[in-house]
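The structure appears right after this line, and notes come after that.
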Amino acid sequence: MSERRKPYPFDQIEPKWQAIWDQNRSFHAPNPGEENFDPAKPKYYALDMFPYPSGAGLHVGHPEGYTATDIVARYKRLRGFNVLHPMGWDAFGLPAEQYAIKTGQHPAVTTRENVAKFKTQLKRIGFSYDWEREVNTTDPAYYKWTQWIFLQIYHSWFNPETKKAEPISSYRGDDPDSVRLAYVAEVPVNWCQELGTVLANEEVIDGKSEVGGFPVVRRPMRQWMLRITALADRLLDGLEDLDWPDSLKALQRNWIGRSEGAEIRFAVVGSSRCDDRTPQPGVPTISVFTTRPDTLYGATYMVIAPENPLVDQITTDEQRESIKAYRAEIATKSDLERTDLAREKTGAFTGAFAMNPVNQERIPIWIADYVLMGYGTGAIMGVPAHDERDLEFAKKFGLQIVPVIQAPEKTAEESIGYTGIGTAINSPLLNGLSRVEATARIIDWLEQNGHGRRDTRYKLRDWLFSRQRYWGEPFPIIWREGKHEALPESELPLEPPALDDFKPTGTGEPPLAKAKDWIRYSDNASRETNTMPQWAGSCWYYLRYCDPGNDQRFVGREPEQYWMGGRNDEGQMTNVEGMTKPEPAGTSSFDIRPSSFPAKPGGVDLYIGGVEHAVLHLLYARFWHKVLFDLGHLSTPEPFQRLVNQGMILGEDSRKMSKRWGNVIDPIDVIEIHGADAFRCYEMFMGPLEQMKPWSMKGVEGVSRFLARVWRLIMEENQAGEWVLSDEVQDVDPQKSEVKILHATIKKVTGDIETLSFNTAISQMMIMVNALTNAPAKPLSALRTLLVLLNPFAPHLTSELWQTLARKFPAGSDQITAQPWPEHDERLLIEDEIEIVLQVNGKFRDKITVALDATDAALETAARSNPKVQNAVGEQTIRKVVVVPKKLVNVVAN
RNA sequence: GCCGAUGUGGCGAAAUGGCAGACGCAACGGACUUAAAAUCCGUUGGGCUUAACGGCCCGUGCCGGUUCGAGUCCGGCCAUCGGCACCA
């Protein structure tokens, strides 16, 4: 077969350089105290979301973010940073186990194979990972520390006074188990029969499992929970100083869902007489949560959730049958049906009445499924005049509607249904007040009279942390006489038992329960049989990278403080004490000087990954990080300072890549044809990183042509068809125009890498290459600078060309990775003559070339005398002339 | 319904409030070649007009506003995508 001629020999140079990088440990980042550690270098931590190594291998979506971080990592190294750029494997979890059940192969085996496959593929793309720091969440040496961190959480509680996680020993109450950050609760969970496990709320989409799309039902079970809600405020407020996309911060805020309002207590009163206002003996008051306490006078009924246990206590004998019927009807409905917004409101009257504490009105108590047991107190006050749902309900059941907020320019009657900001009416204590004033006053009143208090509620639920699966971290917990206790740290890691049959039992009992010997801990104690969810390992992997081999601690203090310790970015290196770099080491391998840099909450300088992890991984990891920070194990309150979501890459047909459409692109196929450098550059040239964009093979060819042009700037084919250094490459001074374009390119590429605008950086380099292509002599200095600029994007090609140049023209080093990043000289960008745009009434008419120092008056004169300007002005009178120095002249006429 | 993105040629996209469409793809024309591929050079938003050089008008989802000047800023719509959704 006649092999299609390659535009340049990437198939030879790419493996060559990958081997050299491996041998030279080119991308190994030394830790403080290690050989070759240079304390004068600032650190930079560029992190990718590590992949789940599936059997399918990489697709083109994976390397998009990876290429972006790799470019930044290589760029920062050239700028003199000590760069941490690691990779690892998030390998516990459902898909491996599902596959194992299907094929009978142990998940450890398939995981090993898949990791090997992924690693080979990643290496072929030429990523500059420090593979000596590779981590794998399924490695006992790794999950030993996942289990250890769980124990730290288990041994902690959230102290509401300090607003911090603290060791449980600081808790003064009598029931520590009720406040632990890891606790056991009998809770209604999302049970998936098909997967044989419970799932987190986040893993359930529209009543179906995110993995597999199987039906999910609610069912009460004993589960491990993590008290993430205790940190809700901290997680919310901590977003403030992070360099994350606003849209992503909004997603997290939304998910946490803080609502501020009041809890109000309503006494249940006797139902026998219509004027009976005495509290029912033995019946507790009903608490409601509302964000609109200012509408309390308009509360004309109450609704409690059908599942609320209070229903049994308050229902009157006359209503018992209809309540029972309604509850039975609700029980048959799925969550999906129940939350169908289009559905008409339903409900039933309990026969009981409550007393509105502010005006002593007797109001009926209903049950209805539009009130959810899981939010607030499972009961609401109905204010039909100023809440859409309540209004709909009140109209349907003929309940009283009293307007208590007057909308601007409307009558009281017209204000029914108004939910905006207005003035309080029909509310003796509040009349005339604005919403803010009324809310403050009624809360004061409630607190003073013992009817309620200020309160904040969250949509966020505690994190359901246990799974009934085999392929996950076992809990380091033992049960003795019905009580849980921590496994001693000395017994970590706790490895799962070797099981031949790891299928789910189907009963909700975890597969680990089958390992009778393993479960038995001692005569009177047995092991916990649940496993942790997949998110556990990914909650802290970025910390392990800092010190992956440490067997004494989950991460050494010094490496953690070095890599995570604030953001030592250049922008901040100049403004404190005139310092440009951390001072050289003293007695320690380096000095930690937290005061030297303005505090940044996050430690990782750049974190790139998919937006699908916005509320799962990114929230969980922040939660663990904050707990570990509070407990004194970490030096920053947030894990990730700067976060970017790469956009999805679609198939050539603009549909989501999937086997179903047959539009999946395999990166290795692309690399076979065009080489890794072209693949990398194309992925970055497609468009803005954050944007969703379709793949185009033609586009790859275009970028490949660009790289071939770079190659041919420097190489030519001799008679024998071999590539040799071109005679046109000469050690001459570049021409003036070439100097200008060179410095413009340095400026553009440098700025664009900092802002991750890789597409425009590449386009500028194309412009420069196009300009050099037909130059009779190719100036060596310009070529060398170009190669350094292009190196982060196309590392193999530029390494090879650099080395080739160095043979004929010896430079400091024949390794391009040892070169400093070039700096542009602003003076070389300035021209002596400058183009001025002439406009008439804002419309472009002509452009003229004038001396750089032309005065405004001279520009105006030139514009007025320009024939095209005169023509456009015609008979009109010139009213005004706007002169923008060095830019344009706009003649205003009419 | 609420929150958040996005809307520019045939396509992917550029554009500190100052020449809209850089760069690339596709298409077309030319050079080289016996020929093709590759490579190099050129044209390429739409319309009107000129024998030609050229000239003129329109154009960044829609409507309005601010401004000497708006793809960009402000207000109101429409469409597409994503997230949340009876959250009190």
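Quick note on labels: first sequence line is chain A, next is B, and so on, each numbered from 1. FYI, side chains are in, hydrogens and waters are out, and symmetry mates aren't considered; it's all heavy atoms of this structure.
Nucleotides B:C86 and B:C78 place their P atoms 24 Å apart, quoted to the nearest Å. Remark: the separation of the P atoms in B:G59 and B:G47 is 15 Å, to the nearest Å. Rounded to whole Å, the C1' atom of B:G71 lies 15 Å from the corresponding atom of B:U16. Taking atom C1' on both nucleotides, B:C74 is separated from B:G17 by 13 Å, rounded to a whole Å. Nucleotides B:C19 and B:A38 place their P atoms 37 Å apart, quoted to the nearest Å. Separating the P atom of B:A35 from that of B:A22 is a span of 34 Å, rounded to the nearest Å. Rounded to whole Å, the P atom of B:G4 lies 13 Å from the corresponding atom of B:G76. Comparing the C1' positions of B:A85 and B:G75 gives a spacing of 28 Å, expressed to the nearest Å.
Here A:Asn866 contributes atom CG and A:Thr861 contributes atom OG1; the two are 12.5 Å apart, rounded to the nearest 0.5 Å. In this structure, A:Leu756 CG and A:Ile608 CD1 are separated by 5.5 Å, a value rounded to the nearest 0.5 Å. Distance check, rounded to the nearest 0.5 Å: CD1 of A:Ile286 to CD1 of A:Ile304 gives 5.0 Å. Separation of atoms NE2 (A:His451) and CD1 (A:Ile443) is listed at 15.0 Å; rounding is to 0.5 Å. Atom-to-atom distance recorded for A:Leu460:CG and A:Gln252:CD is 10.0 Å, nearest 0.5 angstrom.
No donor-acceptor distance shorter than 3.5 angstrom exists from the side chain of A:Lys693 to the backbone of A:Leu650, with no hydrogens or angles considered. Panel note: side chain A:Asn759, backbone A:Phe685; no donor-acceptor pair is recorded below 3.5 Å.
For the OP1/OP2 pair of B:C40 and a distance below 4.0 Å, the side-chain nitrogens and oxygens of A:Arg709 include at least one atom meeting the criterion. An OP1 or OP2 oxygen of B:C40 is reached within less than 4.0 angstrom by a side-chain nitrogen or oxygen of A:Arg712. Side-chain N/O atoms of A:Ser247 include none lying less than 4.0 angstrom from OP1 or OP2 on B:C3.
Of all the residues in residues 301-308 of chain A, not one reaches under 4.0 Å from RNA chain B with any non-hydrogen atom.
For A:Lys459 against B:C84, a side-chain-to-base donor-acceptor contact under 3.5 Å is absent.
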Produce the list of close N/O pairs, under 3.5 Å, pairing protein atoms with atoms of nucleotides 66-75 of chain B; give distances to one decimal.
| unit_1 | atom_1 | unit_2 | atom_2 | d |
| --- | --- | --- | --- | --- |
| B:C68 | O2' | A:Asn890 | ND2 | 3.3 |
| B:C68 | O2 | A:Asn890 | ND2 | 2.3 |

Short N/O separations, protein against nucleotides 26-33 of chain B, under 3.5 angstrom:
| unit_1 | atom_1 | unit_2 | atom_2 | d |
| --- | --- | --- | --- | --- |
| B:A26 | OP2 | A:Arg705 | NH2 | 3.4 |

Open item on the list: For nucleotides 7-15 of chain B, give me one character per nucleotide, 5' to 3': B if any protein heavy atom sits under 4.0 Å from the base, S if the only such contacts are to the sugar-phosphate, - if neither.
Closed with: -----BSS-
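Residue whose closest nucleotide on RNA chain B sits further toward the 5' end, between A:Gly702 and A:Met381: A:Gly702. Nucleotides of RNA chain B nearest to A:Asp246 and A:Glu835 differ in position, and the one nearer the 5' end is that of A:Asp246.
A:Thr745 and A:Gln764 share a donor-acceptor pair across their side chains, judged by distance under 3.5 Å alone. A donor-acceptor pair shorter than 3.5 Å can be found between the side chains of A:Asp390 and A:Tyr370. A:Thr67 and A:Tyr682 share no side-chain donor-acceptor pair at under 3.5 Å. For the 3.5 Å distance criterion, the side chains of A:Asn770 and A:Arg709 qualify, holding a donor opposite an acceptor.
Under the 6.0 Å cut-off for aromatic ring centres, A:Tyr301 and A:Phe393 qualify, their centroids lying closer than that. In this structure, A:Trp366 has its ring center closer than 6.0 angstrom to the ring center of A:Phe397.
Using a 4.0 Å heavy-atom distance criterion, A:Arg253 is classed as making no nucleic acid contact. As judged by a 4.0 angstrom heavy-atom cut-off over every strand, A:Ser696 is placed among residues making no nucleic acid contact. Here A:Asp846 lies out of heavy-atom contact (under 4.0 Å) with every strand. Nucleic acid contact for A:Val703: none, since no nucleic acid atom lies under 4.0 Å from a heavy atom of the residue. Nucleic acid contact for A:Leu372: base, since at least one base atom lies under 4.0 Å from a heavy atom of the residue. Contact annotation for A:Lys249: no contact, since no heavy-atom pair falls under 4.0 Å across all strands.
Taking a pair as Watson-Crick or G-U wobble with both distances under 3.5 Å, RNA chain B forms stems of 3 or more consecutive pairs at B:1-7 with B:78-84, B:10-12 with B:23-25, B:27-31 with B:39-43, B:45-49 with B:54-58, B:61-65 with B:73-77.
Glycosidic conformation of B:G83: anti, with the torsion beyond 90° of 0.
Applying the side chain to side chain contact (heavy atoms under 4.5 Å, CB included) rule to A:Thr456 yields the partners A:Arg258, A:Glu260, A:Tyr458; only residues at least two apart in sequence or on another chain are considered.
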